Amino acid sequence: MMRSQKKILKQNKVPILLVLFSLLAMASCAKQQSFFQFTTEKVDRDIVDDLKRLKAPPPPGLLYNDTTYEVWKTCSGEWGGTVYFKNKKTGKIYCAEATCPVSVNKINNNYYISNSLSHLFGSSDILEITDPETMEQVTKIPVSPSDIIMRKEYHSSKGTKKLIDTSGVIIMSSFVYKQKLYSILLNHRTKQATISELRDNKFYTIKEIDKNFFSDNPFIIKESETYQKIYLQQPKPAIIEIKNNKIRIILYSQKK
């Protein structure tokens, strides 16, 4: 009897292992999908009114603040863009090419600049900056209205490392959860909006979301490293509130 059972197990060893691997893969996928907790609520008011009530919104061009740097951006569309790091103590300014910065995040003291351009089919890339002061030094951040006409974008990649460079994909915003970088993407080819993880210099889809909650021109307020609010007026007026792994979508029913 025992010999017979051993023989059966031996004959079916490979199929059994395949089944086990399949079950483990399914469990892994299920676990991956549960990373983020989504809630949705509706409010009976106009998003424009809430935007007007914002207290001290960030000045145009300011993307990020920490104890050492202010991070600013300029963007001239298809003619390029620039990211600037201003040292708060020394006042010195460092910059690099970035077309066009939409989000700045920090993981293990490294800065990650998510860039996106919706021109034609769209493009995006993510830069890693380990030491902003190895970038090109400049004397001014040209973000005032009088600077725009005469502004030039810089084309130096000094001090930066490009982790991913894609065409046909645009980034609305990026955020950090458990020391990993995630982005909200729109793929022009598949017409899908997703939350995707940057892993091994590739985007891996974690969850598909309604593309009506994707805009290439959102207003973003970054409250902290793990908390941001994304205000959308188009296609659907809404706020996407991201805090750690909790994603709250507030839908507005009124529109002026």
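This is a predicted model, so every value here is computed, not measured.
- Between Phe38 and Ile195 the shortest heavy-atom distance is CZ-CD1, 3.6 Å.
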message: The test is side chain to side chain contact (heavy atoms under 4.5 Å, CB included); show your working for Ile126 and Ile113 and say whether it passes.
response: CA-CA 5 Å; Ile126 295 179; Ile113 317 299; over 6 Å; no

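- With sequence neighbours left out, the salt bridge (charged side-chain N to carboxylate O under 4.0 Å, His left out) criterion links Asp66 to Lys106.
- Sorted by first and then second residue, the ring-ring contact (aromatic ring centres under 6.0 Å, His included) pairs with a member in residues 112-137 form an empty list; sequence neighbours excluded.
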Distance-only donor-acceptor pairs under 3.5 Å for side chains of residues 162-172, two or more places apart:
unit_1 : atom_1 : unit_2 : atom_2 : d
Thr166 : OG1    : Ser124 : O      : 3.4
Thr166 : OG1    : Ser124 : OG     : 2.8

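- Evaluation of the ring-ring contact (aromatic ring centres under 6.0 Å, His included) test over residues 70-100, restricted to residues two or more places apart or in two chains, returns Tyr69-Phe85, Phe85-Tyr111.
- Summarising the local packing, NZ of Lys88 is surrounded by more than 12 heavy atoms from other residues, nucleotides or ligands at distances under 6.0 Å.
- Atoms OG and CD1, on Ser173 and Ile242 in that order, are 6.0 Å from each other to the nearest 0.5 Å.
- Here disulfide bond (SG atoms under 2.5 Å apart) pairs that include residues 84-139, with residues two or more places apart or in two chains, are Cys75-Cys100.
- The two residues Tyr177 and Asn244 have their closest heavy-atom pair at CD1-C, 3.7 Å.
- The salt bridge (charged side-chain N to carboxylate O under 4.0 Å, His left out) test applied to Arg53 returns Asp50, not counting sequence neighbours.
- Sequence neighbours left out, not one pair with a member in residues 76-85 passes salt bridge (charged side-chain N to carboxylate O under 4.0 Å, His left out).
- There is no path of hydrophobic side-chain contacts, each under 4.5 Å, that joins Leu63 to Ile141.
- Within the 3.5 Å criterion, the main-chain N or O of Ser174 finds a donor-acceptor partner in the side chain of Gln228.
- Interatomic distance, CG of Leu127 versus CG of Asn115, reported as 5.0 Å (0.5 Å rounding).
- How far CZ of Arg248 is from CD of Gln37: 14.0 Å, rounded to the nearest 0.5 Å.
- Residues Ile47 and Gln233 meet the side-chain proximity criterion, which asks for heavy atoms closer than 4.5 Å.
- Taking OG of Ser183 as the reference point, atom CD of Glu197 lies at 10.0 Å (rounded to 0.5 Å).
- One distance of note links CD of Gln137 with OG of Ser156; it measures 12.5 Å at 0.5 Å rounding.
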Step-by-step side chain to side chain contact (heavy atoms under 4.5 Å, CB included) determination, Leu62 to Lys73: CA-CA 7 Å; Leu62 181 63; Lys73 71 163 185 178; over 6 Å; no

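- With hydrogens and angles left out, the side-chain atoms of Glu225 and Tyr64 include a donor and acceptor closer than 3.5 Å.
- For Glu97, there are no salt bridge (charged side-chain N to carboxylate O under 4.0 Å, His left out) partners, not counting sequence neighbours.
- At least one side-chain heavy atom of Thr74 sits under 4.5 Å from a side-chain heavy atom of Glu153.
- Partners of Thr90 according to the side chain to side chain contact (heavy atoms under 4.5 Å, CB included) rule, which considers only residues two or more places apart in sequence or in another chain, are Asn87, Lys92.
- Ile230 and Phe214 fall within the same hydrophobic cluster, where Ile, Leu, Val, Met, Phe, Trp and Tyr residues are linked whenever their side-chain heavy atoms come under 4.5 Å apart, directly or through other members.
- Residues Leu198 and Ile184 fall into different hydrophobic clusters, defined by Ile, Leu, Val, Met, Phe, Trp and Tyr side chains chained together at heavy-atom separations under 4.5 Å.
- Contacts classified as disulfide bond (SG atoms under 2.5 Å apart) and involving residues 162-230 (residues at least two apart or in different chains) are not found.
- In this structure, Pro235 and Asn212 approach most closely via the heavy-atom pair CD-O, 3.3 Å.
- Applying the ring-ring contact (aromatic ring centres under 6.0 Å, His included) test to Phe175 and every residue at least two apart in sequence or in another chain returns Phe36, Tyr182.
- In this structure the side chain of Met135 never reaches within 4.5 angstrom of the side chain of Lys158, judged on heavy atoms.
- Atom CG of Leu181 sits about 5.0 Å away from atom CD1 of Ile107, to the nearest 0.5 Å.
- The two residues Leu117 and Thr99 come nearest to each other via the heavy atoms CD2-CG2, 4.0 Å.
- No side-chain heavy atom of Ile249 sits less than 4.5 Å from a side-chain heavy atom of Ile239.
- Looking at every heavy atom in both residues, Ile240 comes nearest to Leu232 through CD1-CD1, 3.9 Å.
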Distance-only check: which donor-acceptor pairs under 3.5 Å involve side-chain atoms of residues 217-224, not counting sequence neighbours?
unit_1 : atom_1 : unit_2 : atom_2 : d
Lys222 : NZ     : Asn105 : OD1    : 3.0
Ser224 : OG     : Thr226 : N      : 3.4
Ser224 : OG     : Tyr227 : N      : 3.3

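- Across all their heavy atoms, Gly159 and Thr134 have their closest contact at CA-OG1, 3.4 Å.
- In this structure, the side chain of Ser253 engages the main chain of Val43 through a donor-acceptor pair within 3.5 Å.
- At a threshold of 4.5 Å between non-hydrogen side-chain atoms, the residues Tyr252 and Asp46 do not count as touching.
- A heavy-atom distance below 4.5 Å is not found between the side chains of Asn65 and Val71.
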